[in-house]
Amino acid sequence: MKKLLMASAAGALLAGAASAEDIKLGVILGFTGPIESLTPAMAAGAEIAMEEVTKSGKLLDGSSVSAVRADSTCVDSAAATAAAERLITSDGVKGIMGADCSGVTGAVLANVAVPNGMVMISPSATSPALSEAEDNGLFFRTAPSDARQGQVLANVLIERGFQSAAITYTNNDYGKGLADSIEAAYKAAGGEITASSAHEDGKADYSAEVAALASAGGDILIVAGYVDQGGPGMIRAALDTGAFDVFALPDGMIGTALENTFGDEIEGSVGTLPGSEAADPSFVLEAAAATGADASGPYIGESYDAAALIMLAMQAAGSSDPAAYSAKIEDVANAPGEPIAAGELDKALEILAAGGDIDYVGATAVELINGGEAAGGYREIIIEGGKITTANFR
């Protein structure tokens, strides 16, 4: 079977090397909506990889790669689906970096990507439900599932002495899936969940929601929300009423907007977001910051890696056709092969063009398991001096 696959890949390589292309990749993220302060840097991360590959001149006989942005809104599945359809039918993209939030990602996958045979690699859709989605081998993600984040955050809380907690979560697939994961892991570790309830984004006043949680008590309030929407509203209501003064903050709550809004008001609060000591994201973060984007938020390195995997898989397959390169994504992501760091895409393209193997490490220590899931590690953060600081890697 391996020999047959190698022969097929060699044939595809010869067919794909006939002439250079102007390859377009879709970048579908919530440029409006509850995480709009995070997405400019995520888009920049993906586009940095595209610029790097184009500048090398080594992809598919000198092909160039350009980004076509589309707005997922993060929360409106109909709008995200329409935007993704335009990427394919009007713009002619050969792959999609995105979407971002879990609900819209699932909608785009089911309604657009699978029917059109289009590869999607999400840098940030973390709902455990996506692990079971029918994807025909077309969907991958460079951020680990929230099934893992729930375990990590629960361990952080127990180790830091928080024996009871209340949970508030944004009322969608991401929030509910993450809250369920945290609750199960926290209880299994010996913690007590005093209450768990949803909040709606976009409200002016969250005092009623906080009052209900406060009546149940808890050492800490876990806020599984969005940094540009209801999450800060819940924190502000908790602070103003004295219900809670320390918070646990998963990935969607981490960003400069959190520091700017609260500073040392939430001193000692803790959180988690994807990250690994096994990779150096500085190349991507510095390049993203140079574009003027806020490079302090999550999923910038994951966005770079998602775009990079698409282009490296094209090179391995010798074709920009998703039907040809989708089967190569896990091959370029995992061992065996020459380790490839962020900023070394030209080296990777040379090795693949010569028929060699690579093990793409990238900005976030990429490893794909179970048909496209990211194995992934997490960065434990703590608010110190009003700033988000790294406490540990897990």
Side-chain angles (χ1 to χ4, degrees), residues 21-55 59 63-77 79-102 104-109 112-113 116 118-126 138-143 281 284-285 287-295 297-314 320 322 325-326 329 342 345 362-364 366:
E21 302 174 62
D22 177 14
I23 299 169
K24 295 179 180 179
L25 296 182
V27 175
I28 183 166
L29 300 170
F31 295 106
T32 63
I35 60 167
E36 61 184 45
S37 70
L38 306 180
T39 51
M42 293 169 62
E47 289 161 3
I48 288 160
M50 298 179 208
E51 291 166 6
E52 186 182 344
V53 165
T54 298
K55 185 177 180 181
L59 173 65
S63 293
S64 62
V65 186
S66 58
V68 182
R69 291 189 179 189
D71 187 7
S72 77
T73 77
C74 176
V75 291
D76 186 336
S77 292
T81 297
E85 287 174 345
R86 287 192 296 272
L87 287 176
I88 295 173
T89 59
S90 299
D91 299 306
V93 301
K94 298 293 187 178
I96 293 176
M97 199 297 297
D100 44 5
C101 299
S102 296
V104 296
T105 297
V108 170
L109 175 63
V112 182
N116 288 280
M118 182 58 61
V119 165
M120 286 178 64
I121 304 185
S122 173
S124 58
T126 54
L138 296 167
F139 178 65
F140 306 82
R141 43 184 172 176
T142 50
V284 180
L285 298 182
T291 69
D294 173 13
Y299 301 120
I300 302 167
E302 286 82 358
S303 298
Y304 174 94
D305 289 342
L309 285 176
I310 290 174
M311 294 180 289
L312 295 174
M314 288 179 177
S320 63
Y325 76 76
S326 60
I329 291 173
L345 299 184
T364 63
V366 172

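Heavy atoms only: backbone and side chains are in, while hydrogens, waters and symmetry mates are out.
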Side chains of [X] and [Y], heavy atoms from C-beta outward: is any pair under 4.5 Å?
{"X": "Val119", "Y": "Tyr325", "value": "yes"}
{"X": "Ile88", "Y": "Val112", "value": "yes"}
{"X": "Met97", "Y": "Leu25", "value": "no"}
{"X": "Pro34", "Y": "Val75", "value": "yes"}
{"X": "Ile28", "Y": "Val104", "value": "no"}
{"X": "Arg141", "Y": "Ile121", "value": "no"}
{"X": "Met42", "Y": "Glu302", "value": "no"}

Shortest non-hydrogen separation from [X] to [Y] and the atoms involved:
{"X": "Thr142", "Y": "Pro123", "result": "OG1-CA, 3.4 Å"}
{"X": "Leu138", "Y": "Ser326", "result": "CD2-CB, 4.3 Å"}
{"X": "Ser122", "Y": "Phe139", "result": "CB-CE1, 4.0 Å"}
{"X": "Met118", "Y": "Lys94", "result": "SD-C, 3.6 Å"}
{"X": "Ala70", "Y": "Ala83", "result": "CB-CB, 4.0 Å"}
{"X": "Ser102", "Y": "Thr126", "result": "OG-N, 3.1 Å"}

Sequence neighbours excluded, which residues qualify as salt bridge (Lys or Arg N to Asp or Glu O under 4.0 Å) partners of Glu47?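 Here the qualifying residues are Arg69.
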
For the backbone of [Y] and the side chain of [X], can you confirm whether one donor and one acceptor N or O come within less than 3.5 Å of each other?
{"X": "Thr291", "Y": "Ala288", "value": "yes"}
{"X": "Ser72", "Y": "Ala99", "value": "no"}
{"X": "Thr39", "Y": "Gly30", "value": "yes"}
{"X": "Glu51", "Y": "Ile48", "value": "no"}

Could you grab the distance from atom [atom1] of [X] to atom [atom2] of [Y], nearest 0.5 Å is fine?
{"X": "Ile310", "Y": "Met120", "atom1": "CD1", "atom2": "CE", "value": "9.5 Å"}
{"X": "Leu38", "Y": "Asp100", "atom1": "CG", "atom2": "CG", "value": "9.5 Å"}
{"X": "Leu29", "Y": "Thr32", "atom1": "CG", "atom2": "OG1", "value": "11.0 Å"}
{"X": "Arg86", "Y": "Asp91", "atom1": "CZ", "atom2": "CG", "value": "9.0 Å"}
{"X": "Asp22", "Y": "Ser66", "atom1": "CG", "atom2": "OG", "value": "4.5 Å"}
{"X": "Tyr299", "Y": "Ile35", "atom1": "OH", "atom2": "CD1", "value": "9.0 Å"}

Please walk me through it: do Lys24 and Val65 pass side chain to side chain contact (heavy atoms under 4.5 Å, CB included)? CA-CA 6 Å; Lys24 295 179 180 179; Val65 186; over 6 Å; no

Candidate pair Thr364 and Asp305, rule side-chain hydrogen bond (donor to acceptor under 3.5 Å, both in side chains), full reasoning: CA-CA 7 Å; Thr364 63; Asp305 289 342; 2.5 Å; yes

